[in-house]
Structure formats: structure tokens, C-alpha cells
Amino acid sequence: MKKISRRSFLKIFGAGTAATAVTLTGCKNPQEQAAADDYKHQVEPPKGKMTYRTNPNGNEKVSLLGYGMMRLPYIGDADKEENSEIDQEQVNRLVDYAIEHGVNYFDTSPVYCQGKSERATGIALHRHPRNSYYVATKLSNFNEDVWSREETLKMYHNSFKELQVNYIDYYLLHGIGMGGMDALNGRYIDNGILDFLVEERKAGRIRNLGFSYHGEIEVFDYLLSQHDKYHWDFVQIELNYLDWDYANEINDRNTDARYLYGELQKRNIPSVIMEPLLGGRLANVPQYIVNQMKQRDPDHSVASWAFRYAGTPEGVLTVLSGMTYMEHLKDNLLNYCPLRPVSKEETDFLYEMARHLFKMETIPCNDCKYCMPCPYGIDIPAIFVHYNKCKNEGTLPVDRQDAQYKKYRRQYLIGLDRVVPRERQPNHCIQCGQCEPHCPQNIKIPRELKKIDEFIESLKNPRKDISSAKS
């Protein structure tokens with residue numbers, strides 16, 4: 001049996017847009033400067049223009065933009081649990097602005113933001129009429145210590161307390177597929193919890209019951225095969241223009257969004273979309289792709305292409321975005337107030353860009369931080385984000401014959417030290433492997449850290465071989 005430990009409890013901080021990539025890297029190249037300029041010249045999104053989708057189960061109208069409450073603003077250093085607190089005043093302002101502009105779907109979990117997201121979400125939403133929003137949360141009992149019926153029920157009931165509600169609009173089995181069928185049975189079947197949740201839906205304490213999918217496809221297929229029994233009201237999947245056809249090719253344990261969405265459509269199950277930006281990777285694309293996007297649509301951000309794509313399919317109920325800052329919220333509102341569906345020509349263009357991105361062979365890290373915290377303090381996501389950034393930009397120093405090699409070498413090493421303190425860099429990885437089972441993208445994390453460590457050593461010592469960085 002594959003174990004999912006409490007290490008999978010999330011430690012989320014960071015953003016999924018190009019503006020945050022600027023913050024992470026500590027310097028601006030032309031691409032990042034263009035992204036920053038997008039926000040600098042941002043116009044105010046209109047009110048009363050939100051695009052809504054109708055949930056066929058209850059005919060309720062759900063905003064196409066959903067607020068993911070997993071990347072909330074912090075006071076202090078979010079990487080140090082003892083010093084980090086949610087900036088509740090800022091959360092309140094963001095939620096107020098979102099509701100004012102038509103957002104009514106808010107997605108959280110007991111484990112988001114170091115376990116603080118549900119409470120912050122509840123405080124912000126409780127200030128508004130209960131019928132003005134839909135709240136979604138999850139049964140995030142990843143750790144075998146809380147697989148028992150008693151412990152799982154404690155988590156379930158605590159969500160009501162933290163959110164300050166007496167019913168939950170959208171309730172999810174969290175991250176099914178992670179750990180395979182053994183984890184599904186241990187978390188939800190053998191302890192009778194799934195049957196309990198079905199009864200809670202009948203009682204009205206849950207209005208819509210679904211699940212979010214990561215990992216083994218057999219679990220996804222099994223739960224859909226039981227649709228006549230459980231009557232899934234919605235399912236949350238990863239969908240974007242890169243994962244549509246390349247998720248499985250990037251990692252053979254992932255599943256293409258084309259298949260996931262298609263299977264839900266066959267059963268008329270609404271799709272809730274996560275990772276429309278792939279953790280920011282689709283907002284921080286190579287400059288030549290930025291240029292082509294700007295040539296076609298100079299007035300909107302690079303990220304807008306991904307959001308418009310994710311929101312276009314008719315079976316999509318809402319598209320989630322973790323919005324840390326007001327400029328992220330405003331930019332996303334501009335995409336959906338109202339939605340401009342991508343045309344056939346634009347879709348073909350995005351698929352062509354996806355082919356280019358796939359060939360770049362970056363590490364498929366979404367910066368979700370499911371792998372964190374590392375017991376040895378390694379900042380795994382930041383290491384991968386920095387590596388991918390340089391590879392996307394074509395500045396990875398792999399060819400010593402390149403006239404720019406010395407410049408790129410210096411930029412990589414200095415940039416890494418800015419992003420990741422030296423005591424948290426990959427040379428401190430002992431290959432314990434505790435992180436690997438929790439990665440939704442199934443990245444061989446210790447292997448990739450070792451490759452990057454060898455690459456860094458080759459930059460510091462020119463006699464070292466650097467061939468691993470080219471693979």
C-alpha cells in the first residue's frame with residue numbers, strides 16, 4: 001500500500017502568474033517586464049458582466065471564475081510556519097472585490113495555507129449574505145492517521161465550524177488517484193465515509209458531492225463507473241492547453257485533459273477546472289511565444305490566453321485561480337467579464353504553442369507545494385521554478401562554446417542564490433524520497449534534484465560534465 005503522510009498537507013505561498021515569477025526571480029528580463037507592464041496599465045474590470053454557467057443538478061448559476069483560496073496573502077514569511085499569518089484584512093478586500101464583480105465560487109481545503117485557509121475563507125465570506133456565494137471544500141484526509149472513521153468525521157465537521165456555515169455547497173473527495181486504489185479504499189470506502197457523505201447530501205448538509213483527481217487513472221475510471229450509485233454532481237480536473245494532449249507524454253502517470261473532460265461530458269458531469277496556468281508556467285512562457293500572443297492580442301496578458309482556453313468548453317462550470325494579489329484578481333476578472341471564447345483559429349494556435357512548450361522538456365512542476373515541507377529544509381518548488389524559468393528563456397548555461405555562456409552561468413547561479421537560500425539548495429537532498437509520493441505530477445523529485453545539483457556543481461567547477469542538464 002502506498003502511504004500518503006501528513007507531509008502532503010500543503011504549505012502554499014506564491015502565485016500563479018507572471019507577476020509573481022518576477023518576485024520569485026528577483027530580476028526582470030524583457031518577458032517579465034512585459035508581464036509587469038500588463039498589470040501596470042491594467043484597466044478596471046467592469047461590474048455586472050461576469051459570465052455564469054448553470055449547474056444542471058440544481059440550476060444554480062456559478063461564476064466562470066472561481067476563487068482558489070490556496071495562495072492567500074501572508075503577513076511575514078510564509079515559508080516559516082511559526083512566523084506566518086494570513087493577512088485577513090487583505091483577504092477580506094480580495095473577497096469583497098471578487099463578489100462585487102460577480103465571483104460566487106470559493107474553493108478551499110482543511111490543508112491549504114498551512115491549515116489556515118478555511119478559517120480565513122470563513123471569516124471573509126461570513127460578512128456577506130449566505131445566498132451570495134458557493135463555498136467548496138474538501139475531505140483532505142491524506143494521512144493514514146486520519147483514515148479512521150472517527151478522525152475523518154472530525155475533519156469533516158471542523159470544516160463547517162471554520163467556514164461558519166451549516167451546509168457546504170460543493171464538497172470534494174480530495175486528490176483521488178494519489179496512492180491508487182489502496183488509498184481510495186482506505187480513505188473513503190472501507191471506513192464507510194463515502195456512504196456517509198451521500199447521506200449528508202440527502203440531508204442537505206452537502207449540496208453537491210464530487211472529487212478532485214490527481215494520479216492513478218484507474219481510480220478516476222472506477223469512480224465514474226460508479227456514477228449510477230454515487231451520482232457525482234461535479235468533478236475537479238486539471239485542464240489547460242498544454243495538458244489537453246501532452247499530460248501523459250510529459251509524465252506517463254498523468255492523464256491527458258482531453259480524456260478526463262471527455263469522460264465527464266459523456267455522463268453530463270460538470271467540470272471544475274484547476275491549474276489553468278499550470279502553476280504559472282503558462283503565464284511565464286518563452287519570449288517568442290509571448291511575442292506571438294501579443295501580436296494576436298496586444299491588449300491582454302499572456303495569462304489571459306490560458307484562462308480563456310480553460311473557460312471556453314461548455315462543460316466547464318468554473319475555472320479556479322489562486323489569486324494572491326489584487327492585480328491577479330483584476331486580470332482574471334477581465335478574462336471572464338465577459339468571457340471571449342477562444343476561436344477555432346486561436347485554439348489551433350495554442351495547440352501549436354503547446355507543441356513548442358512540450359519540446360522544451362522542462363520539469364513539470366506546478367509549484368503546488370504538495371511536496372513541502374521537506375524534512376531537510378530543501379525548497380523543492382523554488383529550485384524547479386528557477387531551472388524551468390532559465391530553460392524557457394533559453395538562458396540555461398549548457399553550451400560552453402556559446403558566446404553567452406559565462407553571462408548565463410553567472411545569471412543562473414546568482415539567480416538561484418536570490419531565490420533559494422544556500423542551505424535549502426539541492427546539494428542538501430539526501431534522497432530520502434519522502435516528497436515523491438505526494439507530487440500530483442508524479443515527478444521523480446529526488447532524481448531531478450540530483451540532476452540539478454550535478455548541473456550546479458558543473459557550473460561552479462568547469463571540469464564537471466554538464467550533459468545531464470540537456471536531458
Would you sort out whether Leu242 and Tyr351 count as a side chain to side chain contact (heavy atoms under 4.5 Å, CB included), showing the intermediate values? CA-CA 7 Å; Leu242 181 58; Tyr351 290 159; over 6 Å; no
Just jot down the ring-ring contact (aromatic ring centres under 6.0 Å, His included) partners of Phe196, sequence neighbours excluded, or say none. Tyr156
How would you list, by chain and number, every residue that makes a side-chain contact (heavy atoms from CB on, under 4.5 Å) with Ser159, sequence neighbours excluded?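 Scan of Ser159 (side-chain contact (heavy atoms from CB on, under 4.5 Å), adjacent residues dropped) gives Pro110, Glu118, Thr137, Ile168.
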Flag the pair [X] / [Y] as yes when their ring centroid distance falls below 6.0 Å, and as no otherwise.
X: His128; Y: Tyr133; answer: no
X: Tyr241; Y: Trp305; answer: no
X: Tyr67; Y: Tyr105; answer: no

Does some side-chain heavy atom of [Y] sit less than 4.5 Å from a side-chain heavy atom of [X]?
X: Asn284; Y: Val302; value: no
X: Leu139; Y: Leu172; value: no
X: Tyr171; Y: Arg201; value: no
X: Pro381; Y: Cys371; value: yes
X: Ser304; Y: Asn332; value: no
X: Tyr170; Y: Val135; value: no
X: Pro276; Y: Leu320; value: no
X: Leu264; Y: Phe234; value: no

Working to the nearest 0.5 Å, report the span between [atom1] of [X] and [atom2] of [Y].
X: His386; Y: Gln425; atom1: NE2; atom2: CD; value: 9.0 Å
X: Ile430; Y: Lys450; atom1: CD1; atom2: NZ; value: 13.5 Å
X: Leu260; Y: Asp243; atom1: CG; atom2: CG; value: 9.0 Å
X: Gln88; Y: Lys116; atom1: CD; atom2: NZ; value: 12.0 Å
X: Glu60; Y: Asp169; atom1: CD; atom2: CG; value: 6.5 Å
X: Leu223; Y: Glu263; atom1: CG; atom2: CD; value: 13.0 Å

Under a plain distance cut-off of 3.5 Å, with no hydrogens placed, do [Y] and [X] share a side-chain donor-acceptor pair?
X: Tyr336; Y: Tyr52; answer: no
X: Asp331; Y: Ser301; answer: yes
X: Asn208; Y: Asn55; answer: yes
X: Asn427; Y: Glu457; answer: no
X: Arg93; Y: Gln90; answer: yes

Are [X] and [Y] within salt-bridge range, i.e. N to O under 4.0 Å?
X: Glu346; Y: Arg308; result: yes
X: Lys451; Y: Glu454; result: no
X: Lys138; Y: Asp107; result: yes
X: Arg207; Y: Asp233; result: no

Take atom [atom1] in [X]; do more than 12 heavy atoms of anything else shown fall under 6.0 Å from it?
X: Glu314; atom1: CD; answer: no
X: His126; atom1: NE2; answer: no
X: Arg119; atom1: CZ; answer: no

Measure the acute angle between the ring planes of Tyr325 and His328, then classify it against the limits of 30° and 60° as parallel, tilted or perpendicular. perpendicular
Mutual orientation of the aromatic rings belonging to Phe211 and Phe220 [parallel < 30°, tilted 30-60°, perpendicular > 60°]: perpendicular
Ring pair (Phe, Tyr, Trp, His ring centres under 6.0 Å) between Tyr412 and Phe455: does it pass, once the steps are laid out? CA-CA 11 Å; Tyr412 187 93; Phe455 172 60; 5.2 Å; yes
Test: side-chain hydrogen bond (donor to acceptor under 3.5 Å, both in side chains). Region: residues 217-229. Which pairs qualify, not counting sequence neighbours? Asp221-Tyr259
Let me see the working for Val91 and Ile86 under side chain to side chain contact (heavy atoms under 4.5 Å, CB included), right down to the final yes or no. CA-CA 8 Å; Val91 172; Ile86 298 292; 3.6 Å; yes
Sub-3.5 Å donor-acceptor pair from the side chain of Arg130 to the main-chain atoms of Val165, do we have one?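 Checking the backbone N and O of Val165 against the side chain of Arg130, no donor-acceptor pair under 3.5 Å is found.
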Donor-acceptor contact below 3.5 Å, side chain Ser63 vs main chain Leu65: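 Flag set: sc Ser63 to bb Leu65 pair under 3.5 Å.
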